[in-house]
Amino acid sequence: RLKFFMNYFAGVGLAGVEELARKHLPPFIDYLRGLRSRKNGEKFRPITVFGIVTATKDFLEHLHKEEILPIDLGSCLEMRLEEKPLPRVVLTEAEAEKLLSLPDVGDPVGLLDRLMMALMYGAGLRLSEVARLDLYDLDFEEKTLFIRNGKGKKDRLVPLAPALEASIQDYLKRARPHLVPRRSGQTHLFSGKRKRPLSKGSIGCAVKGYFRRAGLAGSCHALRHSFA
C-alpha cells in the first residue's frame with residue numbers, strides 16, 4: 001500500500017522525505033481519490049482509500065520515531081469524517097483469517113492477542129466478556145466456557161469448538177506463564193506486560209491496531225458480529 005505514497009511523493013518534487021510538511025498531506029488524499037483500479041478501471045472505493053491512508057499514517061509515525069521527520073505527520077493525515085467508510089458489521093471469512101494471522105504467535109503477547117480475537121470471532125464473546133474471563137470459567141471436560149454477567153447481567157454457557165480449545169491450551173502453556181507470575185494468585189485468563197488483568201480499553205486498543213494493520217474498518221464489535 002505504501003507504493004501509492006511513494007508514487008505521490010516522487011511527483012511532489014521534494015529532494016528527500018525529510019522535506020515533507022503538513023501542506024503535502026491533504027493533496028495526497030485527493031490524489032488517491034483520482035486513482036483507478038487496473039483491473040476494472042473504476043475509482044478506488046472509500047474502504048480502499050482508507051486502508052492506504054492508514055498504512056501511510058503508520059509509515060509516517062515510524063519516520064518520526066526514527067527521527068527522520070521532526071513531527072508525526074501521520075497524525076495530520078486524516079480522511080474527512082463524511083468520507084470515512086462506516087465499519088462493516090460482518091467480516092468476510094478472508095478478512096477474519098487475515099486479522100487472526102497478524103499476531104506474532106512466537107511471542108506471548110501475540111498469542112494473547114490472537115486468542116482474544118479468536119474468542120470474539122469463534123465464540124461470539126463481547127469485549128467485556130473477554131476481559132472478565134477467569135481460569136475457572138474454562139471447562140475442558142464439558143467443552144464449554146462459562147460467561148458471567150453477560151448482556152442483561154445474565155450468565156450463559158458457550159460451546160468450546162476444538163480449534164478454539166486448542167488455542168486456549170496453547171496460550172495457557174506458552175504465553176500465560178510469561179505474563180502472569182506463578183505466585184501472584186491471579187486467576188484472570190488474560191494479563192499484559194504489567195502483570196495485571198487487561199482492561200476493556202487495552203483489549204479494544206490492541207484489536208483496533210490489528211484492524212488498522214489489515215486496512216480494515218472495524219473493531220471488537222465487528223469480530224463478534226461476524227461469529228457464525
Side-chain angles (χ1 to χ4, degrees), residues 1 45 47-48 50-51 54-55 58 84-140 142-152 154-176 179-180 188-193 197-228:
R1 291 175 183 262
R45 296 179 301 161
I47 185 65
T48 302
F50 184 71
T54 299
D58 291 341
K84 281 187 178 180
L86 293 175
R88 286 183 287 177
V89 175
V90 180
L91 299 173
T92 66
E93 185 175 349
E95 289 171 338
E97 290 179 353
K98 182 177 182 180
L99 277 173
L100 292 173
S101 71
L102 289 176
D104 178 7
V105 294
D107 177 75
V109 175
L111 274 173
L112 179 150
D113 291 344
R114 188 185 188 282
L115 178 56
M116 291 191 300
M117 291 195 291
L119 285 165
M120 297 174 194
Y121 177 68
L125 268 62
R126 297 175 175 84
L127 169 58
S128 59
E129 294 169 346
V130 171
R132 283 196 298 267
L133 275 177
D134 194 278
L135 292 175
Y136 298 110
D137 296 330
L138 308 174
D139 190 334
F140 294 119
E142 296 296 329
K143 311 296 183 185
T144 59
L145 287 174
F146 181 61
I147 307 302
R148 296 169 286 112
N149 297 317
K151 188 174 182 179
K154 295 181 179 179
D155 300 336
R156 72 183 191 279
L157 286 176
V158 174
L160 195 57
L164 191 54
E165 179 184 358
S167 294
I168 295 174
Q169 295 278 22
D170 192 29
Y171 164 77
L172 292 174
K173 180 180 179 181
R174 297 200 294 128
R176 194 174 186 276
L179 300 172
V180 182
H188 278 84
L189 182 59
F190 297 121
S191 291
K193 292 182 178 179
L198 292 179
S199 66
K200 291 190 296 182
S202 60
I203 296 173
C205 184
V207 173
K208 185 68 175 178
Y210 288 108
F211 270 86
R212 288 183 60 192
R213 284 176 56 187
L216 298 172
S219 60
C220 300
H221 193 69
L223 271 171
R224 178 181 174 272
H225 278 266
S226 303
F227 167 65

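Contact check for Met120 versus Ile203: side-chain heavy atoms found under the 4.5 Å cut-off. In this structure the side chain of Leu119 never reaches within 4.5 angstrom of the side chain of Val158, judged on heavy atoms. In this structure, the side chains of Asp104 and Val109 stay at 4.5 Å or more apart for every pair of heavy atoms. Residues Asp155 and Ile147 are not in side-chain contact: their nearest non-hydrogen atoms beyond the backbone lie 4.5 Å or more apart. In this structure the side chain of Val130 never reaches within 4.5 angstrom of the side chain of Arg126, judged on heavy atoms. Side-chain atoms of Leu99 and Arg213, non-hydrogen and from C-beta on, never get closer than 4.5 Å to each other.
For Lys98 (side chain) and Ala214 (main-chain N/O), a donor-acceptor pair under 3.5 Å exists by modelled atom type. For the pair Ser202 (side chain) and Leu198 (backbone), a donor-acceptor distance under 3.5 Å is absent. At least one donor-acceptor pair under 3.5 Å links the side chain of Arg174 to the backbone N or O of Val105. With hydrogens and angles disregarded, a donor-acceptor distance shorter than 3.5 Å links the side chain of Glu95 to the backbone of Thr92. Between the Lys208 side chain and the Gly218 main chain, a donor and an acceptor come within less than 3.5 Å of each other.
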- Yes or no on side chain to side chain contact (heavy atoms under 4.5 Å, CB included) for Leu216 and Phe50, after CA distance, side-chain angles and deciding distance? CA-CA 8 Å; Leu216 298 172; Phe50 184 71; over 6 Å; no
Let's go through Val90 and Phe227 carefully: what are the C-alpha distance in whole Å and the side-chain angles of both, what is the deciding distance for side chain to side chain contact (heavy atoms under 4.5 Å, CB included) to 0.1 Å, and is it a yes or a no? CA-CA 8 Å; Val90 180; Phe227 167 65; over 6 Å; no
Under the side chain to side chain contact (heavy atoms under 4.5 Å, CB included) rule, what do Arg224 and Leu125 come out as? Steps first, then yes or no, please.
CA-CA 6 Å; Arg224 178 181 174 272; Leu125 268 62; over 6 Å; no
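Taking Arg132 as the reference, nothing meets the salt bridge (charged side-chain N to carboxylate O under 4.0 Å, His left out) condition, with sequence neighbours excluded. The salt bridge (charged side-chain N to carboxylate O under 4.0 Å, His left out) test applied to Asp58 returns Arg212, not counting sequence neighbours. Remark: Leu157 pairs with Thr144, Phe146 by the side chain to side chain contact (heavy atoms under 4.5 Å, CB included) rule, at least two apart or across chains. Residues satisfying the side chain to side chain contact (heavy atoms under 4.5 Å, CB included) criterion with Ala206, sequence neighbours excluded, are Asp113. For Tyr210, there are no ring-ring contact (aromatic ring centres under 6.0 Å, His included) partners, not counting sequence neighbours.
Here the straight-line distance linking atom NE2 of His188 with atom CG of Asp137 works out to 9.5 Å at 0.5 Å rounding. Distance NE2/His225 to SG/Cys220: 11.5 Å, rounded to 0.5 Å. The line from CZ of Arg148 to CD of Glu129 is 10.5 Å long, rounded to the nearest 0.5 Å. Taking CG from Leu102 and CZ from Arg114, the interatomic distance works out to 10.5 Å, rounded to the nearest 0.5 Å. Here the straight-line distance linking atom CG of Leu145 with atom CG of Leu160 works out to 5.0 Å at 0.5 Å rounding. Taking CG from Leu223 and OH from Tyr121, the interatomic distance works out to 9.0 Å, rounded to the nearest 0.5 Å.
Every pair passing ring pair (Phe, Tyr, Trp, His ring centres under 6.0 Å) that includes a residue from residues 154-175 is listed here, sequence neighbours excluded: Tyr171-Phe190.
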